[in-house]
2 protein chains.
Amino acid sequence: MALEHAILVSLLEKPGSGYELARRFERSIGYFWTATHQQIYRVLKRMENDGWVDVRDIPQQGRPDKKEYSVADLGRAALSSWLHDPIEPESVRHDLAVKIRGAAFDDPTALIREVERHRQAHRDRLAHYLAGEARDFTATEANTAGPQAPLDAERELQHVVLRGGIAYERMMIDWLDDVLATLARFGPCR
Amino acid sequence: MALEHAILVSLLEKPGSGYELARRFERSIGYFWTATHQQIYRVLKRMENDGWVDVRDIPQQGRPDKKEYSVADLGRAALSSWLHDPIEPESVRHDLAVKIRGAAFDDPTALIREVERHRQAHRDRLAHYLAGEARDFTATEANTAGPQAPLDAERELQHVVLRGGIAYERMMIDWLDDVLATLARFGPCR
DNA sequence: GCTTGCTATGCAACGAGTTGCATAGCAGGA
DNA sequence: TCCTGCTATGCAACTCGTTGCATAGCAAGC
């Protein structure tokens, strides 16, 4: 599993509390790795016990105290070791694909609204990604001439991952159009 | 969760034993829903207790007996109810994306081989899909003129799901090319 | 003769992920 | 004034998914 590694990456990009991590997992990191606050708190505690992260209590006014976590040397080493681990299959879970095949044994037209809803969700996410890309990755994109300084690696890699998200959403929208066209073809017969 | 629903769909397409289901989950259904034989046996037992499936003991010569499962009325109803359930978010888990962002805090060039390996895996799967499409969905594809008979719904829906898999693999291959180009850009600096 | 590999089913244990609930103070709106 | 919602952390119970192991007979190759 890689939740701890996702947390390490996120904390290396910027230290923060469990709560802040949970919010990041709803946004940037969460686009390709979901986690609830429960999982995060539990894993953070384990990582603290293992010496992967350091904690600092930060009192706040008008709000509960928070614990700011940052990556310790052991955590960095653990991440590095995981990064060099070659293994990694790919497991996919597409409820919608199951539903589409299942629609053959039910009324297929009942699925149209569902598919349209999903398509809209993907359109929304695409718009969100594109806005983020325009915001974060266009201003300094002019200096791409010549080899990059190592300092830009973090940004470049974040950008290429975001491009992956954009490509994924575009593919999904196109495919769902295809699905709708297919459903419409034999829908009226029933 | 939807493993039971994936099993129902698979059994409706063709009744079979737990072992056969496990093999299907390595092929057609498994392209968008993975499951090991352990999960399948466990869930099948529960579904049997709930009256979702019927079992028939089939003695075989030279091989252990098998239990052939088929969908019962209750199972059909459960599937139908699930199909009409509108909810369904989307959770994604992309280890590779985490690794790519994590590479900013390690040697990025170490990731190149890993990414190349993944790209090859996606190429292989794409080739496999395309072969399956050519085999199963070209011969009778000529009769697409006019409205389809309901009998063709199953095939049509299987085909559109397969097209989704093909689109996904193509997108991944393109994206991994992009990732490799990005890694190569600042790789030599280190 | 031995090992490997396939069909076929299953248990036990663990780890990961989900859901419901609890606490607790503050801010803002109906 | 009450209700909703946000920050912030956490427990307990449950389900889901993974891994290792076990049985057992047959077939094929070395």
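Side chains included, hydrogens not; waters and symmetry mates left out as well; all remaining heavy atoms used.
The base of dG17(C) sits within donor-acceptor range of the side chain of Arg42(A), with an N or O pair under 3.5 Å.
Contact check, Gln39(A) against dA16(C): no side-chain N or O comes under 4.0 Å of OP1 or OP2.
Between the CD1 atom of Ile40(B) and the P atom of dC16(D) there is a distance of 15 Å, given to the nearest Å. The interatomic distance linking Asp95(B) (CG) with dG17(D) (C1') rounds to 15 Å, in whole Å.
Heavy-atom minimum distance, Trp33(B) versus Phe25(B): O-CD2, 3.2 Å.
Distance CG/Leu96(B) to NE2/His118(B): 5.0 Å, rounded to 0.5 Å. Residue Leu8(B) holds its CG atom at 10.0 Å from CZ of Arg76(B), rounded to the nearest 0.5 Å. Here the CG-CG distance, from Leu79(A) to Asp106(B), works out to 6.5 Å after rounding to the nearest 0.5 Å. To the nearest 0.5 Å, the span separating CD on Glu13(B) from CD1 on Ile29(B) amounts to 5.0 Å.
Within a heavy-atom distance below 4.0 Å of DNA chain D, no residue of residues 46-53 of chain A is found.
Ring geometry, Trp52(A) versus His5(A): the interplanar angle falls from 30° to 60°, so the pair is classed tilted.
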Check the interface with nucleotides 6-10 of chain D: list each N/O to N/O pair with the protein under 3.5 Å, or write none.
unit_1, atom_1, unit_2, atom_2, d
dT7(D), OP2, Tyr19(A), OH, 2.9
dA8(D), OP1, Gln60(A), OE1, 2.9
dA8(D), OP1, Gln60(A), NE2, 2.5
dT9(D), OP1, Lys67(A), N, 2.9
dT9(D), OP2, Tyr19(A), N, 2.9
dT9(D), OP2, Tyr41(A), OH, 2.9
dT9(D), O5', Tyr41(A), OH, 3.3
dG10(D), OP1, Lys67(A), NZ, 2.9
dG10(D), O6, His37(A), NE2, 3.2
dG10(D), O6, Gln38(A), NE2, 2.4

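Under the 3.5 Å distance criterion, with hydrogens and angles disregarded, no donor-acceptor pair is assigned to the side chains of Arg155(B) and His159(B).
A distance of 6.0 Å or more separates the ring centres of Phe32(A) and Tyr168(A).
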